[in-house]
Asker: 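My questions all concern the structure below.
Throughout, numbering of the chain's residues begins at 1 and tracks the sequence. Everything numeric here is computed off the predicted structure, so don't read it as measured data.
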Amino acid sequence: LSLALTIMILIILATITMYYGNSAMKIAKLQDLKTNMLLIQASLKNDLEKYHFETSTMNEENKNSKKSEYLKGKEISSPDCIEIKKVFDDINIKNIINEDYPEIEGAFEYYYLDTNTLKQLGLKDVESSDKNGYYIVAYSMDSTYPNIVEVINTKGYMGNYSLRRIESL
């Protein structure tokens with residue numbers, strides 16, 4: 001009888017430990033994702049502000065020539081981002097961003113940040129991949145809102161992909 005009671009208590013304790021262990025791991029994963037996204041945002045925001053300041057009096061052609069100087073990553077529409085563009089479209093990122101920022105009326109440009117770009121930003125242990133999620137940045141091209149940089153991870157967390165939505169969890 002005492003052996004059976006001891007086994008039952010151990011099973012109950014093991015179940016409780018596993019439940020709380022899994023919960024703690026999920027919270028840690030969310031915190032890691034949020035931290036990485038905030039670091040990316042902070043690294044890129046200043047460059048976007050500089051771009052808007054420097055191009056404020058330029059025509060569209062000259063503005064476009066300055067993008068490669070200030071906006072980090074590869075344009076999501078470029079030929080070498082076909083796989084990322086498919087994931088981007090599958091999870092409907094444009095609609096998510098337009099819902100989160102209705103005041104900008106879709107004036108965003110989307111760039112893919114590969115692992116090397118993340119390393120250049122100082123994020124040496126962050127991987128942009130199918131396994132961990134691709135990091136995509138939505139840069140505000142609306143000069144009225146020159147400092148909005150929204151970071152997206154295509155794996156996200158529980159159906160939330162943008163930094164704004166992940167922060168609200």
Side-chain angles (χ1 to χ4, degrees), residues 29-56 58-169:
K29 181 180 177 183
L30 172 62
Q31 291 301 324
D32 285 349
L33 179 61
K34 191 186 306 186
T35 299
N36 290 339
M37 294 172 89
L38 285 166
L39 288 169
I40 292 168
Q41 184 183 55
S43 297
L44 300 175
K45 201 175 255 196
N46 192 35
D47 289 338
L48 180 63
E49 289 173 350
K50 286 179 186 175
Y51 167 80
H52 281 295
F53 179 76
E54 189 170 320
T55 62
S56 62
M58 293 181 177
N59 63 29
E60 283 305 308
E61 186 178 325
N62 290 337
K63 282 183 181 183
N64 286 335
S65 69
K66 287 286 185 186
K67 286 179 183 175
S68 63
E69 185 178 332
Y70 290 103
L71 306 183
K72 304 290 188 280
K74 299 174 187 173
E75 280 191 72
I76 201 81
S77 58
S78 69
D80 53 342
C81 290
I82 293 171
E83 180 183 341
I84 291 94
K85 175 80 166 102
K86 182 182 178 335
V87 175
F88 175 89
D89 291 338
D90 287 348
I91 60 177
N92 215 356
I93 289 175
K94 279 190 179 181
N95 283 351
I96 292 169
I97 300 302
N98 289 338
E99 286 174 15
D100 288 352
Y101 297 95
E103 68 276 11
I104 298 181
E105 299 175 357
F108 283 97
E109 289 194 10
Y110 298 88
Y111 283 70
Y112 163 61
L113 303 176
D114 62 14
T115 302
N116 286 333
T117 304
L118 294 172
K119 284 180 183 175
Q120 291 170 0
L121 295 174
L123 299 157
K124 293 174 181 25
D125 297 327
V126 180
E127 188 179 319
S128 184
S129 65
D130 185 45
K131 178 184 172 203
N132 297 315
Y134 298 110
Y135 284 95
I136 297 170
V137 178
Y139 291 107
S140 167
M141 292 293 106
D142 186 333
S143 58
T144 311
Y145 302 95
N147 65 347
I148 294 179
V149 174
E150 183 60 68
V151 182
I152 298 112
N153 179 278
T154 59
K155 287 289 183 203
Y157 184 80
M158 296 177 61
N160 296 286
Y161 304 101
S162 68
L163 176 58
R164 181 177 247 188
R165 291 186 182 197
I166 289 172
E167 281 185 308
S168 68
L169 294 176

Asker: Taking C-beta and beyond as the side chain, do Leu48 and His52 meet within less than 4.5 Å on heavy atoms?
Answerer: yes

Asker: How far does OG of Ser56 sit from OH of Tyr51, to the nearest 0.5 angstrom?
Answerer: 10.5 Å

Asker: Would you sort out whether Met37 and Lys34 count as a side chain to side chain contact (heavy atoms under 4.5 Å, CB included), showing the intermediate values?
Answerer: CA-CA 5 Å; Met37 294 172 89; Lys34 191 186 306 186; 5.9 Å; no

Asker: Determine whether Asp32 and Thr35 satisfy the following criterion, side chain to side chain donor-acceptor pair (under 3.5 Å), listing intermediate values before the conclusion.
Answerer: CA-CA 5 Å; Asp32 285 349; Thr35 299; 5.6 Å; no

Asker: For Lys94, does the NZ atom have more than 12 heavy-atom neighbours from other residues, nucleotides or ligands under 6.0 Å away?
Answerer: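 No, the 6.0 Å shell around NZ holds no more than 12 heavy atoms from other groups.
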
Asker: Hey, which of Phe88, Tyr134, Tyr139 is the one that makes ring-ring contact (aromatic ring centres under 6.0 Å, His included) with Tyr110?
Answerer: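 For Tyr110, the ring-ring contact (aromatic ring centres under 6.0 Å, His included) check succeeds only for Phe88.
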
Asker: Under 3.5 Å, side chain of Glu150 to main-chain N/O of Leu163, donor-acceptor pair present?
Answerer: yes

Asker: Tell me, with the steps shown, if Leu44 and Val151 meet side chain to side chain contact (heavy atoms under 4.5 Å, CB included).
Answerer: CA-CA 10 Å; Leu44 300 175; Val151 182; 5.6 Å; no

Asker: Of all heavy-atom pairs between Ile82 and Pro79, which one has the smallest distance, and what is that distance?
Answerer: CG1-O, 3.1 Å

Asker: Using a 4.5 Å cut-off on heavy atoms from C-beta on, say whether the side chain of Lys72 contacts that of Val137.
Answerer: no

Asker: If you compare all heavy atoms of Glu99 against all heavy atoms of Pro102, which two are closest, and at what distance to 0.1 Å?
Answerer: O-CD, 3.5 Å

Asker: Counting C-beta onward and ignoring hydrogens, is there a side-chain heavy-atom pair between Ile84 and Val87 closer than 4.5 Å?
Answerer: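 With C-beta onward as the side chain, the pair stays apart.
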
Asker: Please confirm whether the backbone N or O of Lys86 pairs with a side-chain atom of Asp89, one donor and one acceptor, at under 3.5 Å?
Answerer: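 No, because the side chain of Asp89 does not come within donor-acceptor range (under 3.5 Å) of the backbone of Lys86.
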
Asker: Taking atom types as modelled and ignoring hydrogens, do the side chains of Ser140 and Asp142 form a donor-acceptor contact shorter than 3.5 angstrom?
Answerer: no

Asker: Apply side chain to side chain contact (heavy atoms under 4.5 Å, CB included) to the pair Thr115 and Lys119, showing each step before the final yes or no.
Answerer: CA-CA 6 Å; Thr115 302; Lys119 284 180 183 175; 4.1 Å; yes

Asker: Rounded to the nearest 0.5 Å, what separation is found between the CG atom of Asn132 and the OG atom of Ser128?
Answerer: 8.5 Å

Asker: Which pair of non-hydrogen atoms, one from Lys131 and one from Lys155, has the smallest distance, and what is that distance?
Answerer: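 Heavy atoms only, the tightest pair is O-CE, 3.4 Å.
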
Asker: Return the CD1 to CG distance between Ile76 and Leu113, rounded to the nearest 0.5 Å.
Answerer: 9.0 Å

Asker: Say you draw a straight line from CG of Asn64 to CD of Glu109; how long is it, rounded to the nearest 0.5 Å?
Answerer: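 One finds 7.0 Å between CG of Asn64 and CD of Glu109.
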
Asker: Considering non-hydrogen atoms only, spot the tightest contact between Asp100 and Ser162 and give its length.
Answerer: OD2-OG, 3.1 Å

Asker: Hey, are the side chains of Met158 and Leu169 touching, using non-hydrogen atoms and a 4.5 Å cut-off?
Answerer: no

Asker: Working note: Leu38 + Glu167, criterion side chain to side chain contact (heavy atoms under 4.5 Å, CB included); need CA distance, chi angles, decisive distance, verdict.
Answerer: CA-CA 9 Å; Leu38 285 166; Glu167 281 185 308; 3.3 Å; yes

Asker: Are Leu71 and Asp47 packed together at the side-chain level, in the sense that at least one heavy-atom pair is separated by less than 4.5 angstrom?
Answerer: no

Asker: Once you round to the nearest 0.5 Å, how far does OG1 of Thr117 lie from NZ of Lys74?
Answerer: 6.5 Å

Asker: Less than 6.0 angstrom separating the ring centers of Phe108 and Tyr101, yes or no?
Answerer: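 So the answer is yes for these two rings.
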
Asker: Under the side chain to side chain donor-acceptor pair (under 3.5 Å) rule, collect the residues that match up with Ser78, sequence neighbours excluded.
Answerer: Asp80

Asker: Quick one: are Asn36 and Tyr135 in side-chain contact, heavy atoms under 4.5 Å?
Answerer: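 Side chain of Asn36 against side chain of Tyr135, heavy atoms only: contact under 4.5 Å found.
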
Asker: Within a radius of less than 6.0 Å around CD of Glu61, do more than 12 heavy atoms belonging to other residues, nucleotides or ligands occur?
Answerer: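 No.
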
Asker: Could you tell me if the side chain of Lys67 sits less than 4.5 Å from the side chain of Met141, heavy atoms only?
Answerer: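 Yes, side chains in contact.
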
Asker: Let me know which of Asn92, Ile93, Ile91 forms a side chain to side chain contact (heavy atoms under 4.5 Å, CB included) with Asn95.
Answerer: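 Of all the options given, the one that passes is Asn92.
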
Asker: Does atom CG of Asp125 have more than 12 heavy-atom neighbours from other groups under 6.0 Å away?
Answerer: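 Not buried by this count: 12 neighbours or fewer within 6.0 Å.
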
Asker: Determine whether a donor-acceptor pair (N or O, by modelled atom type, separation under 3.5 Å) exists between the side chain of Gln41 and the backbone of Val149.
Answerer: yes

Asker: For the CG atom of Asn147 and the NZ atom of Lys45, what is their distance to the nearest 0.5 Å?
Answerer: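 NZ of Lys45 is found 5.0 Å from CG of Asn147.
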
Asker: Using side-chain heavy atoms (C-beta onward) and a distance below 4.5 Å, is Lys50 in contact with Asn46?
Answerer: yes

